[in-house]
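Step one of this worksheet: look at the structure below.
All of these numbers come straight from a predicted model, not from anything done at the bench. Just the heavy atoms: all of them, side chains too, but no hydrogens, waters or symmetry mates, feed the values below. Lettering follows sequence order; numbering is per chain, from 1.
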Protein chains: 2
Amino acid sequence: MSVSVKEVAREAGVSVGTVSNVLNRPQVVSPTTVARVTDAIDKLGFVRNDAARQLRAGHSRSFGLVILDARNPFFMDITQSAQHRALSNGYTILTGTSDGSESTEQKLLDLFDEQRVAGVLISPLHADLSRLWRIREAGTPVVLVDRGSGDRSFSSVSVDDVEGGRIAARHLVDLGRKRIAFVGGPETIEQVRHRLEGARSIVSATAEVSLEHVTTTSLSVLEGRRVGELILSRRQEDRPDAIFAANDLLALGVLQALVMSGNVQVPEDLALVGYDNIDFAESAVVPITTISQPAAEIGRTAVDVLLREAQAGENAVREQFVFAPKLVVRASTVGNASTPKRS
Amino acid sequence: MSVSVKEVAREAGVSVGTVSNVLNRPQVVSPTTVARVTDAIDKLGFVRNDAARQLRAGHSRSFGLVILDARNPFFMDITQSAQHRALSNGYTILTGTSDGSESTEQKLLDLFDEQRVAGVLISPLHADLSRLWRIREAGTPVVLVDRGSGDRSFSSVSVDDVEGGRIAARHLVDLGRKRIAFVGGPETIEQVRHRLEGARSIVSATAEVSLEHVTTTSLSVLEGRRVGELILSRRQEDRPDAIFAANDLLALGVLQALVMSGNVQVPEDLALVGYDNIDFAESAVVPITTISQPAAEIGRTAVDVLLREAQAGENAVREQFVFAPKLVVRASTVGNASTPKRS
DNA sequence: TTCTCGAATTGAAACGATTCATAAATGTTT
DNA sequence: AAACATTTATGAATCGTTTCAATTCGAGAA
């Protein structure tokens, strides 16, 4: 059906080896021959068959990427920048979302195995990295994304989530809030655990401030709304006066619930801090104070590290990148900070 | 490096043909042999090499998907549902974003060619579909996504954008707005053209209502903000009293600019309608009235159509699906509709 | 015992690009 | 003119899976 090197070779009157050389190292072929071959390629509409290349090469020119949630713009930003970086280095990225399901994560890794990807980028769901060990031992480099490698046994590109938690909690404490609620879960997600841990460390070091943990089954707007309604259903004196949500989607959901009810004023009655600084946090009903992470830089760096590991092969050096989170103050915690003026 | 069928065959004491049969049609192999082979597979950790399969098969078990903008949740919703549907039929989806660049779109199609994808799903940037004709003539089915096929020469799954434009404009006219501005561009994007066309048809049929077109270079929040500021810079009497934005991202940006200035009340001074009904339209400063499109259904249906075409081969029947857009009224046009009560 | 039929298994050929040892052609130096 | 170096070109072998015509095996029929 489709045209192969053999036919190009015949058309150009050269051997298949020469066609391959024109394709891969034109310097070793005489200019006139290159011209003849490229003409033949154009004439026949030849397109390289990547499967055959891969088969010979033993591995593909793609990386596999597994993220936690495709509906979170933060991860899409990472994906986008990773894709760009990979593409400009001649690599493709196969993307998949684990969406909270362990089995989906496994299926994606199986898929990547069958594709013989040149490397794996992953935000693992759980603490158990044994599968990733095996993948690496089979010769495929692995880089953890948005997740540190505790024992430095993997390369990783992440943001200091514990510090992020501290920053958020400190901000709320500084504002004089006394009853803080951390909204987020499940705790199997390391990012959630770390943010909570950071917040705890600040609160426990501060007298008269309490921290409550309201867990969720996922990090979505819908779950946020559920929690918001849950909090609204409490008697007024039992409600927290500040909420630190594990990400902006949750924060957005909580905010929706609160604002729709009309009973709770943000930030007067309840201050709200999110996490990720997605674009939409800024344009929310009440612009949301949040902890910003450099998504694009994470994606780029992760690909760079993976490229280096793939290059180095066996004796690759593991690299750990940890970016610093930053507080972005908006109206959801400080009423007059860049608040829309409404008459 | 990695284990091949040959080694599995040796370990199990059978021929490679039998191993392949166990893998692909276990019914023709005796149960005891199946057991021996699967044991060997487990023992050696054999993983199929997809490149070799593809090479033999002549085409891959992946579809290529090109969308317009990965940062637009609407397209991510399409992508997600398409991925699910494909996966449950044993297909993988390679995703790419053209991001407004013709050359990126071409590069992605080149890539899909090299991968010998089993089909292409695409929201084409331009009206020129000649490249897609060629792809299909080479035997790869093509389905247009979120874009109709004027002459029905391609299968397509889309939403009636002209009708969407009509609905939006009619809503604004019904509310008594007189000076409507359509915000969106570039006009090379068919969706934008159609929505504008729909709005025009309503306005020109209505006395005393004018329609102005404010064009943009992309459909992003940032561009929306730019347009918002542009409008704010006008004298009050030159400002429109309603804006119909080509999508929700633009609408969100416009809204940000207006609200931040504090000079314009939404919807009192200016009513705002978006398009797509992304989740974030609901949680905006002022919840945005929008035209909703069934994103998940589009993705699913597109894959189904592609599967059918791939199955049918040469004599496939072209199918056109056109979904109906729906108006979702929120506070950005009707002040008291589900508006948050603020004291 | 011989024959037949169906089920189970075999193994060589094929898919298409790349590699690499070898050969041919060209140019340079004695 | 011979010897040598350099640049180009060749084509068989290879990667790992699937396919399919051919073969083996065993059970039941003649």
- Phosphate oxygens OP1/OP2 of C:dT9: is one of them under 4.0 Å from a side-chain N or O of B:T33? yes
- Message: Between P on C:dA17 and CZ on B:R116, what's the gap in Å once rounded to a whole number?
- Response: 7 Å
- Mind calculating the distance between CD (B:Q54) and P (D:dT19) to the nearest angstrom? 14 Å
- Length of the CG-C1' vector between B:D50 and C:dC15, whole Å: 14 Å
- Whole Å only: how far is the CD atom of B:Q27 from the P atom of C:dT9? 13 Å
- Among D:dG16, D:dT18, C:dT18, the nucleotide that comes nearest once only the side chain of B:R53 is considered: D:dT18
- Query: Is a side-chain donor-acceptor pair under 3.5 Å present for A:N24 with A:S20?
  - Reply: yes
- Item | Whole-Å gap separating C1' (D:dC15) and NZ (B:K6) | 9 Å
- With a 4.0 Å cut-off on heavy atoms, is B:V19 in touch with a base, just the backbone sugar-phosphate, or nothing at all? nothing
- Query: If you take all heavy atoms of A:L55 and B:A52, which pair is closest and at what distance?
  - Reply: CD1-CB, 3.8 Å
- Query: To the nearest Å, how far apart are B:E114 CD and C:dT18 P?
  - Reply: 10 Å
- Note on the structure: Result for side chain to side chain contact (heavy atoms under 4.5 Å, CB included) between A:V37 and one of A:D42, A:V29, A:T32, A:V22 points to A:V22
- Query: Which nucleotide in the list C:dT18, D:dT18, D:dT17 gets nearest to the side chain of B:V5?
  - Reply: D:dT17
- Message: Given B:V145, which partner from the list B:T301, B:I67, B:V303, B:I78 fulfils the side chain to side chain contact (heavy atoms under 4.5 Å, CB included) test?
- Response: B:I78
- Once you round it to whole Å, what is the distance between P of D:dT10 and CZ of A:R10? 15 Å
- Message: With a 4.0 Å cutoff (strictly under), does any side-chain N or O of A:S4 reach OP1 or OP2 of C:dG16?
- Response: no
- Message: With a cut-off of less than 4.0 Å, is there a side-chain N or O of A:R48 near OP1 or OP2 of C:dA17?
- Response: no
- Task: Examine C:dT10: is either OP1 or OP2 under 4.0 Å from a nitrogen or oxygen in the side chain of B:T18? Give yes or no.
- Result: yes
- Message: Is the phosphate of D:dT19 approached by B:R25 (side-chain N or O, under 4.0 Å from OP1 or OP2)?
- Response: yes
- Atom NE2 of A:H59 and atom C1' of D:dG16: how far apart are they, to the nearest Å? 15 Å
- Heavy atoms, side chains only, cut-off 4.5 Å: are A:D69 and A:D99 in contact? yes
- Does B:S20 have a side-chain nitrogen or oxygen under 4.0 Å from the phosphate oxygens OP1 or OP2 of D:dT19? no
- Message: Pick the closest DNA chain D nucleotide for B:N49 and for A:G13 by heavy atoms, then say which residue is nearer the 5' end.
- Response: A:G13
- Going by modelled atom types, is there a donor-acceptor pair between the base of D:dT17 and the side chain of B:R56 at under 3.5 Å? no
